[in-house]
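Lettering follows sequence order; numbering is per chain, from 1.
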Amino acid sequence: EVKLGFIGGFTGPIESLAPPILSGAQLAVQQINQQGGILNGQTLTLLSADTTCTEASAAINAADRMINTEKVTAIVGALCSGATIAAANNVAVPAGVVMVSPASTSPAIAEINDNDLVFRTTPSDSYQGEVLANLLLSKGINEIVVTFVNNDYGQGLSNAFTSVFEAGGGSVAANLAHEDGKADYRSELGSLASSGVDTLLVLAYADTSGETILRQAYESGNFTQYIGADGMVGDRLVGAVGADVLEGMIATRPGKPDIPGSDIFSEAAAAAGFDPNSVFASQAYDAAFLLALAIEKNGSADREGLKEALRSVALPPGEVILPGEWEKAVELLKAGQDINYEGAAGSQDFDERGNVPGIIEEMVVRDGAFRTVGLIE
Amino acid sequence: MSAIIEVRQVSKAFGSLNVINDCSIQVEQGSITGLIGPNGAGKSTLFNLIAGTFAPDSGSIWYQGQDITSVPANQLFHRGLLRTFQIAQEFSHMSALENLMMVPPQKGESLFNTWFRPSDVRAQEAEVREKALEVIEFVGLAHVKNELAGNLSGGQKKLLELGRTMMVDAKVVLLDEIAAGVNRTLLQDLIRNIQRLNTERGYTFLVIEHDMDMIAQLCDPVIVLAQGSVMMEGTIQEIQEDKSVIEAYFGNDAH
Amino acid sequence: MHLLEAKNVHGGYGGMNILNGLDLAINADEIGVIVGPNGAGKSTLLKAIFGLLRVTEGSIELRGELITNADPGELVLKKMAFVPQEKNIFPSLTVQENLEMGAYSRQDNYQHILEQVYHFFPPLADKRSQPAGELSGGQRQMVAMGRALMIEPSLILLDEPTAGLSPLYMADIFERIVTINAAGVGVLMVEQHAKQALKIAHKGFVLVAGQNRFTDTGMNLINNPEVAKAFLGG
Amino acid sequence: MNTQWLTKEFGLCMALAVSILLLMVFMGSAYGIRVLVEASCYAIIALGLTIQWGYAGLFNAGIMGFVAIGGFSAMLLTFPVNQGFWSSDQASDLGQAFLKLLGAVVIVWAVVQLRRLSVPRSIRLPLLLITLAVAYLWVVNGFAPVTQAIVSQHGFIGGFGMPVWVGWLVGGILAGTVAYFIGHICLGLRSDYLAIATLGVAEIIKAFLKNSEWLTRGTLTVSPLPWPVPSAGEVGFITARALYLSVTAVLIAIIFYLLHAAYKGPWGRMMRAIRDNELSSAAMGKDVNQRRLEVFILGCILMGIGGAGLATFNGIFDPNGYLPLHHTFLIWVMVILGGPGNNLGTLFGAVFVYVIWIMSEPVALFILNTVSYFGNLWFAWEAPSDFASRALQARVFSIGLIITLVLRYAPKGLFPEKVQQYS
Amino acid sequence: MNEFVFFINNVLISGVVIGSIYALGAVGITLIFSILRFAHFAHADLMTLGAFFAFFLTALFPAIGPALGLPTAFVMLPLAMGLTALTAVYLDKAFYKPLRAQGVKPIVLVMASLGVTLMLQGLIRMFMGTSSRNLYIDDRKGIHRIDVPFELANRPIVITDPQILLILFLVVAVIALHLFLTRSKLGKAMRAMSDNPDLARVSGINTQKVVTVTWIIAGSLAAAAGTLLSLDVSLKPDLSFMLLLPIFAAAIVGGVGHPYGALAGGFVIGFAETLSVFNWAVLLRPFRDQLWFDLPANLAFVPTEYKITVPFFILLAILVWRPTGLFKGKVL
Ligand SMILES: Nc1ncnc2c1ncn2[C@@H]1O[C@H](COP(=O)(O)OP(=O)(O)OP(=O)(O)O)[C@@H](O)[C@H]1O
Ligand SMILES: Nc1ncnc2c1ncn2[C@@H]1O[C@H](COP(=O)(O)OP(=O)(O)OP(=O)(O)O)[C@@H](O)[C@H]1O
Ligand SMILES: [Mg+2]
Ligand SMILES: [Mg+2]
């Protein structure tokens, strides 16, 4: 039996985002086991633990349990950037365990002194912020007010966005942090509206503050254009706030590029019963699949050598492996050939810091749902 | 003799109710002064003012020739002014003996001494325990010394209240109805001991009481308080003969 | 048949027994007075009778009906009233509300009794709408008595009703007790003003260590030199 | 009587020891020791609370604020020096901002002292308010540009690179100092009023630490913090953690001894007296306010030290992690279950509750997985897709259940406070 | 004029609404606090539970509301209140009553209520998941945009249906509760019981009934608070837990044991929040030309990220000024 650990924020601010992400990773594991298992027919199991997202000590504890108790080979996760940093610095790096995060978008991840053990399958926020800023500028939106959830995710994204937006000639009339999960944001919205700008960028999670903020922004009647980032994308949000209200809302998210892997994943996910468009689900799939490939390549469930193996299976050169093509990959590896995984969420070619080049999806709410209107690379 | 306690034209109101009205009394050094008066006359309130539990609205209070009007209760204790409470204020989660042992100021009440001079602390603690055992024997509570004070009977709590004033050397002791609820036979012992403390150690007592036998045995002079001011002052005989006092306090058919 | 009869009562707090086989009986037209040293178990006995404390052995009967360990609420309906020694008022309720609580179990109009109580304790009338917690010691005692009188009890248990009362009221209360007793109300009271109380008592009980040491008429007890010396202050 | 208690306490301790052993066996010793180290840090914090509540009856619900201060100080003093910042202009700018702060404090103090010159209150109060407002604006505007520059150019000012024990010590002292000021304001309040006031203070401290990015990096967290003993990367998890555990164990032993001596003696008796009846203690010459302040500060010092130990052990300073409600009450439950006013009970409670807290997650997961496995096997029941994440909610439920059950059967705590007996 | 309307919307209406929510929660807390003598931490979860009851009832009969012209959940409120009251009574039977019977200190009850909080939270989330829901199912929230009859004002005053209902309900509930406690026999018995439970029994007060009635009132008020709040924002399993601190603060600021105090406390805290973060520059902007200094873009007392501390600063200030709250609350 080969074990992978999945650590994520099952409780706390992203608790409703987490389940589909886990499903993404589980899908990969399930496919691998159906296609003959790992390392000569062993089963691959995926264990999960809760980081609570906000609490570093819980994240460390979860990682510790995975690494020291369950003795997993590698970890998929964590989701929230703070949790990833905490888990990496305090457990994974000292223990020499590879972590692949499907969802930690904070630029700070790249700065961990990680011995090359921390990877992620989603682009850094610095990139998303940049893309979003340029996108808005190109649409002629020059004045904006921003509110971001007061944590590493919101703050990182807001910093990235603001610097590019202002450098490009836009003006951020107000940039306010807000606390997550409160019942009421009218006063924050009041502060934002007091600048007189009616374009509102919300960098938060749809499930907690995001929905409430949008609802109350609409009620206040002070804003006409809403903009969001990855945390806000979710069709439930549209249903909850009202399709007519959000019509025309602009959003971005780390996207599924227009590559074959994306469609393959979508079909498999739909068959497995979860929404393939859920945020970070495809990234989680890639993370789990990549780790499995790396273990296969490494030839054992040991932690040593895994990080090199991971790079080798993720990067060219080599035969292209698409999502779900486990048997093929195993055969190629057995034959001693190089492979290059091209995943569901992107080509997943890690750079020297473990980051992947991003693809950002531009989305707009139309007819009651978020629709992808373009891909920005 | 000189006045050890002097209350000068003190007034105190709770909301719109004037409880003490321009009241002046003097307690002579070495006397056992009685303070009587109808229910609600303001006797206990006067005690609270003297002992620093309340601050007066106007007027001043003097103790040993010094103005103590705004001196807090705990400092008065260290200057030898002790009091009991009419409604017993025991330390209900401590044993009866501990209720007594907590009274004397000790070196061990400082953390520094506790940690760095343990032997001094222990020695003093032993002394205090001896003393407390003596006192508890005296007030007749020896058999319940390890009982939680909160579980004592009404009268036992009052006795404990009295016992606390015997734990340290005092100059003035204010006793607020210690007889209420105390068995009369035991009370006789207590009265004798109060007299002994008075004569042997020169304690001054100010005693609130409704039990005239006790006042008669113990007090001279007696001050009558009515509606927050002094109605009259004199020996117990004088007072028991006074018409207005009889009217206000004793009732026509008593004694 | 006795109004109240306690036979061989045992009981206490937690593990320890305070009452060790106590007997006591009074008739409907009688005043019973319990005296004894502090901590003898007098208050404990009253609490036990009123169902505030578990009786582990023995029985208590009201007009021949067994009321051992009955619920206090039921006893109130049977027109029994009790004034505890300590904590006998509701401090944050006004005086008037305290008295109204005494009449809680009454469905009828009790206005006249309220007036009677005020009449009997004039200081309370002035303080009707003052929280009882702000009263003086004696005034609290009056509120406590008044509250118990509100149900017009046929048996009233009083735990040191005169403690802290001025001589004026003390005399009054004893008088009043005689009057209400004459109207057919049984009275069982604990007193430390033992001589005055025993004077009006039909029956006196001297309690020591949870048992009756002496049971006799009030006058006999006063005149008993042994009792007088040991319990009545000579 | 006495021996009965002994066997009960002994039995409970043995049971705890056995469950820790089981924990080690099932979860691996690295993880087991880790739980113990964290529990020991919590135990220090809980001891701080037990002297506040158990000894003196102070309802401190702001524990997390002081724990956070401890963690902050451990971070600030021990984190490596940020050379970039210290060699830049911002360092001296920041110094100037602090001078402004100092100046403002002096001016406000001076205005307060006008009282001595018998300036009438009607003039003093408006003057004070105006001075406060102006000083506030002045200081805030003095800090804003510097701190913004620091955040954008250097992230934060970095640490002082000092030895870990200095960080812990200062953590205690800093928490104690803050407690001194808070105590002055709040200790006049009665039980629940004090609780909510301290809770507010904790929120304020947390908000400050979270939003002062120039000082703490705010939500971006600071890690890894240096350890007082060789770290896991150097000697492996088990050895490193065992060494760390020995440090905290020694610390606990010292604290325990000191507290025990104080509690048994006149000091403890005085504190209990104040807890029982303030009015009467004052009449017996005890300076109630001073003593409560003393015990409040002492307790907060322990909380600060415990917080520092916890932050260092976790290697991260994360102001978000100091969730006031959950953690404050975790510690409260430790004290109440263990038996307030009983140091041994508090230690027991800390370890017991922490083990439950930690183990509830895997246990809940295990149970639900078993249920879904057999459900699948026997009834062909498909677990819902988000079952695993729901399973974790069961943790919350089971902790609640355990707390209520233990309280139900041991309402005075497992090790109740003993009345001191004298022969 | 626009600026003034902006002020009304953002300070007055916001303050009243958030204050009402705090007050409605605080009323229940203050009641339990004064009668059962402990800080009931599970109150916020009773609120959530009540809102969930309302949600289910709404989901069962979504069409009732539109037919009556009221939000369905509001029509269902009495039923939800009843269910929550029942739950509260049984929670008491199962968890608090045995403790009371043993005569424990209040703190133990506080801890037990914390245990109950965790249990309720766990249960709600286990069965309901964690996502947020909308209490409007077939209907939509009515938003009233009232145009101000002044020439220069082109912004409307905005208020929503649930906000109006909330305020109305609050006023009725608080007055009714106050009258009940001070006028009715049972209400007085409740206060008596909180003063001295033993004497209450001696007086023939059925203490069990008093406790039950307390829970019924507290439970139904909690359900109402939760439902009205969820109508206004959205229904989340941990929504009201976030409100717990301000609600307690409101109860304490007002002075424990006084329904009017809870009302005052709720509004103090609500307004403190809205006022402290309000950007006063907005009101000054029309006079920009007359001012001798440059108007900064933001002129608020505190930055919004510190808003969370505002209630507590107010709380501290009020408690230092009046140690038992605005209405001289009880000390237990
Ligand atoms: N805290 C308070 N608030 C309001 N009124 C008070 C307060 N304390 C006492 N009083 C009032 O002041 C008056 C005097 O009370 P005090 O306790 O001094 O009387 P007293 O002379 O000791 O009577 P007693 O002999 O009955 O004990 C009473 O009418 C009482 O109602
Ligand atoms: N709650 C309690 N728990 C344990 N023991 C108690 C409790 N209450 C009273 N006792 C003990 O029971 C004994 C009798 O108490 P009780 O109150 O009946 O005395 P009493 O005869 O009324 O005395 P007094 O005249 O002083 O009121 C006392 O020794 C007391 O210590
Ligand atoms: Mg008095
Ligand atoms: Mg008695």
Between [atom1] on residue [X] and [atom2] on residue [Y], distance to nearest 0.5 Å:
X        : Y        : atom1 : atom2 : result
D:Thr221 : A:Asn89  : OG1   : CG    : 8.0 Å
A:Ile60  : D:Arg34  : CD1   : CZ    : 6.0 Å
D:Ser223 : A:Ile112 : OG    : CD1   : 7.5 Å

Side chain proximity check, [X] to [Y], heavy atoms < 4.5 angstrom:
X        : Y        : answer
D:Asn211 : A:Asn150 : yes
A:Gln155 : D:Glu213 : yes
A:Asp64  : D:Arg241 : yes

**Study point:** Contact origin within A:Ala62 toward chain D - heavy atom pairs under 4.5 Å
**Key:**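 It is neither, since no heavy atom gets under 4.5 Å.
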**Study point:** Interchain contact, A:Val93 with chain D, by part (heavy-atom threshold 4.5 Å)
**Key:**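 Neither; nothing under 4.5 Å.
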**Study point:** Top contributor to chain D contacts, counting heavy-atom pairs under 4.5 Å, from A:Asn159, A:Asn115, A:Asn90
**Key:**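 Ranked by contacts with chain D, first place is A:Asn90.
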Study note, to complete from the structure: Counting heavy-atom pairs under 4.5 angstrom with chain D, the leader among A:Ala95, A:Gly82, A:Ser106 is A:Ala95
Of the backbone (N, CA, C, O) and the side chain (C-beta and beyond), which part of [X] lies under 4.5 Å from a heavy atom of chain A, both, or neither?
X        : value
D:Tyr31  : both
D:Glu234 : neither
D:Phe26  : backbone

Practice item. Compare every heavy atom of A:Pro94 with every heavy atom of D:Gly233, then report the nearest pair and how far apart it is. Key: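 That would be N-CB, 3.9 Å.
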Review point. If you take all heavy atoms of D:Ile316 and A:Ala86, which pair is closest and at what distance?
Key: CD1-CB, 3.5 Å
Review point. Are there more than 12 heavy atoms of other residues, nucleotides or ligands under 6.0 Å from atom CD of A:Glu304?
Key: no
Review point. Which of residues 303-315 of chain D have a heavy atom under 4.5 Å from any heavy atom of chain A?
Key: D:Asn314, D:Gly315
